[in-house]
Each structure stands twice: as structure tokens, then as C-alpha cells.
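Structure record follows, encoded as C-alpha cells.
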Amino acid sequence: MAFKIIGAVCIIISTTAIGFGQSFRLHLRYGEILELKKILCLFSGEIRFGGGTLGETFEKMAGRSKAPFQKFFLFLTEEMQKKEGERLMDIWSRAVEEQLKEAHLTEADREILLRLGNELGCLDRETQLHTISLAAEQVEDVRQELHGELPKKMRLYNCLGILAGVFITILLI
């Protein structure tokens, strides 16, 4: 009987931890979306008023951003300094796939970044600024949607974790 109780407690604790983990990942995604929005505003300002090359702009952005975007911009800076003739859109795509794979961003979030990278470097300054502005609007839409859903989804994940543990325990006993 004691083993059943210990097993039931372990199951409930495990599923509760999974639910809280999902809730925490959602919270981390929201934080990364906020950071991305900030970065896009800073990036726009650097292009508008900085007057440097994109490589220099990426280096400045690496110093101003937090993880995981700091690694992203450092990677872009290093690859731009190599000057191997690779197109910026290819470097950007590789950076999104390699440097942001541990980020909590969804595929739709990454798609916004990929579209931005496809337009950078080959257009005039005003078009680049418009492209960054469009990406910032899309990120803001994602942020607003996530902000509205965040409390509900976090509570749902927490409750589902607990209830799943209770349900599994009832099934096994």
C-alpha cells in the first residue's frame, strides 16, 4: 500500500512539473517576443541614424541584445566579417536555424525573422526600414495575441498537469 501511495505522489508531482514547465516555456516565449520587438526598434534606429555597414550594425545589436539574440547577432557579425561571398539572406537563414534553435520561438515567429532576412542587404535604406517596420508590426501582433492568451494558457497548463497526474493515478489504482 505504501508503494502505491509513493507511486501516486510521484506521478502527480511529475505531471504537475510537466504542466508548470510548459507554462514557464510559454512565459519565456513572451519574454523573447518582447526582446525581439525591442531589437527591431533598435535595429531600425541603427539603420536610420547609424550610417554603418550591416556588419557593424549587427555588432552593435549583439552588444545591446540579450540571449538568444545576442548569439544570433554575434554569429551574423562573424559571418559577415569572413567575406566569403555568401549572400546575407543565406547567412541570416542559417543564423535563425542554428542560433535560435534553443529559443522558445514558434515556427511562425521564426518565419517573421526569415522574411526580414530575405529583404535586408539588397534594398535601399528606406525599403529596409519599411521591411523592419513590417516585421515589428507582425511581432507586435504576436505579442498582443500572446499577451491576451498568456494568463489563460499558463493556468490551463498548470491545471492540466495536476489533473493529468490525478487521472493517471486513479487509472492505475
Side-chain angles (χ1 to χ4, degrees), residues 17 20-158:
F20 277 82
Q22 284 296 106
S23 174
F24 185 66
R25 281 193 269 305
L26 188 64
H27 181 71
L28 289 176
R29 177 178 173 230
Y30 184 72
E32 288 175 359
I33 291 291
L34 286 176
E35 179 70 12
L36 181 57
K37 184 173 186 263
K38 181 190 91 168
I39 286 170
L40 289 173
C41 290
L42 291 172
F43 191 46
S44 176
E46 279 297 323
I47 288 180
R48 184 179 311 260
F49 304 112
T53 65
L54 277 176
E56 294 167 349
T57 302
F58 293 152
E59 189 172 4
K60 288 179 184 177
M61 294 307 300
R64 291 179 162 185
S65 53
K66 298 177 187 172
F69 299 106
Q70 185 176 33
K71 286 181 6 182
F72 173 76
F73 284 112
L74 284 174
F75 179 83
L76 287 172
T77 301
E78 292 168 3
E79 292 298 310
M80 294 288 286
Q81 289 173 348
K82 288 181 183 176
K83 297 183 181 176
E84 295 178 347
E86 191 175 6
R87 296 181 312 172
L88 176 61
M89 68 185 336
D90 297 331
I91 296 171
W92 186 279
S93 296
R94 222 168 10 119
V96 169
E97 290 178 20
E98 293 175 13
Q99 302 302 314
L100 297 179
K101 66 182 170 189
E102 294 179 14
H104 299 91
L105 302 173
T106 63
E107 285 302 315
D109 302 337
R110 285 184 175 86
E111 188 62 36
I112 293 170
L113 284 171
L114 288 172
R115 280 194 303 265
L116 174 63
N118 288 339
E119 301 296 327
L120 287 178
C122 57
L123 303 171
D124 63 289
R125 181 179 295 195
E126 287 304 314
T127 308
Q128 286 182 9
L129 290 170
H130 178 68
T131 302
I132 294 169
S133 175
L134 178 63
E137 287 176 21
Q138 291 171 337
V139 168
E140 176 59 20
D141 290 344
V142 169
R143 187 205 64 80
Q144 285 180 352
E145 180 181 330
L146 192 57
H147 180 73
E149 296 176 351
L150 192 66
K152 294 177 212 168
K153 281 190 174 183
M154 287 179 69
R155 186 168 182 217
L156 176 69
Y157 287 142
N158 295 341

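- In terms of heavy atoms, L105 sits closest to L100 at CD1-CD1, 4.5 Å.
- In this structure, the side chains of S65 and E35 come closer than 4.5 Å at one or more pairs of heavy atoms.
- Panel note: side chain R110, backbone E97; no donor-acceptor pair is recorded below 3.5 Å.
- Inter-residue side-chain proximity for L26 and L146 is flagged as met; some heavy-atom pair is nearer than 4.5 Å.
- Judged purely by atom type and a 3.5 angstrom limit, E32 uses its side chain to pair as donor or acceptor with the backbone of H104.
- F72 and W92 have their aromatic ring centers within a separation under 6.0 angstrom.
- To the nearest 0.5 angstrom, L42 atom CG is 12.0 Å from K60 atom NZ.
- Taken from CD1 in I33 to NE2 in H147, the straight-line distance is 14.0 Å, to the nearest 0.5 Å.
- The distance from the CZ atom of F58 to the CE atom of M80 is 5.5 Å, given to the nearest 0.5 Å.
- Counting only heavy atoms from C-beta outward, the side chains of I47 and L129 approach each other to under 4.5 Å.
- Side chains of I39 and M61 form a contact here, defined as non-hydrogen atoms less than 4.5 Å apart.
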Note to self: One pair to check against side chain to side chain contact (heavy atoms under 4.5 Å, CB included): V139 and I112. What are the steps and the verdict?
What the structure shows: CA-CA 8 Å; V139 168; I112 293 170; 4.1 Å; yes
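- Contact of the L54 side chain with the F43 side chain is registered, since non-hydrogen atoms from C-beta on lie closer than 4.5 Å.
- Closest approach of E86 to R94, counting heavy atoms only: OE1-NH2, 2.9 Å.
- A pairwise comparison of heavy atoms in F75 and A95 identifies CD2-CB, 3.4 Å as the closest pair.
- Taking each heavy atom of S93 and N118 in turn, the nearest pair found is OG-OD1, 4.4 Å.
- Side-chain atoms of L36 and D109, non-hydrogen and from C-beta on, never get closer than 4.5 Å to each other.
- The distance from atom CG of L116 to atom CD of Q128, rounded to the nearest 0.5 Å, is 9.0 Å.
- For the residue pair R25/Q22, the side-chain donor-acceptor check at 3.5 Å is satisfied.
- Note that the CD atom of E79 and the CG atom of D90 stand 11.0 Å from one another [nearest 0.5 Å].
- In terms of the side-chain contact (heavy atoms from CB on, under 4.5 Å) criterion, H130 has no residue partners (sequence neighbours excluded).
- Heavy atoms of other residues, nucleotides or ligands lying less than 6.0 angstrom from NE2 of H27 number 12 at most.
- The environment of R115 atom CZ is dense: over 12 non-hydrogen atoms of other residues, nucleotides or ligands sit within 6.0 angstrom.
- From Q138, atom CD reaches atom OG of S133 across 10.0 Å, with rounding to the nearest 0.5 Å.
- Considering only heavy atoms from C-beta on, R29 comes within 4.5 Å of V142 through its side chain.
- Residues R143 and E140 form a side-chain contact, since some pair of their non-hydrogen atoms from C-beta on lies under 4.5 Å apart.
- Remark: the backbone N or O of L40 is not paired with any side-chain donor or acceptor of S44 at under 3.5 angstrom.
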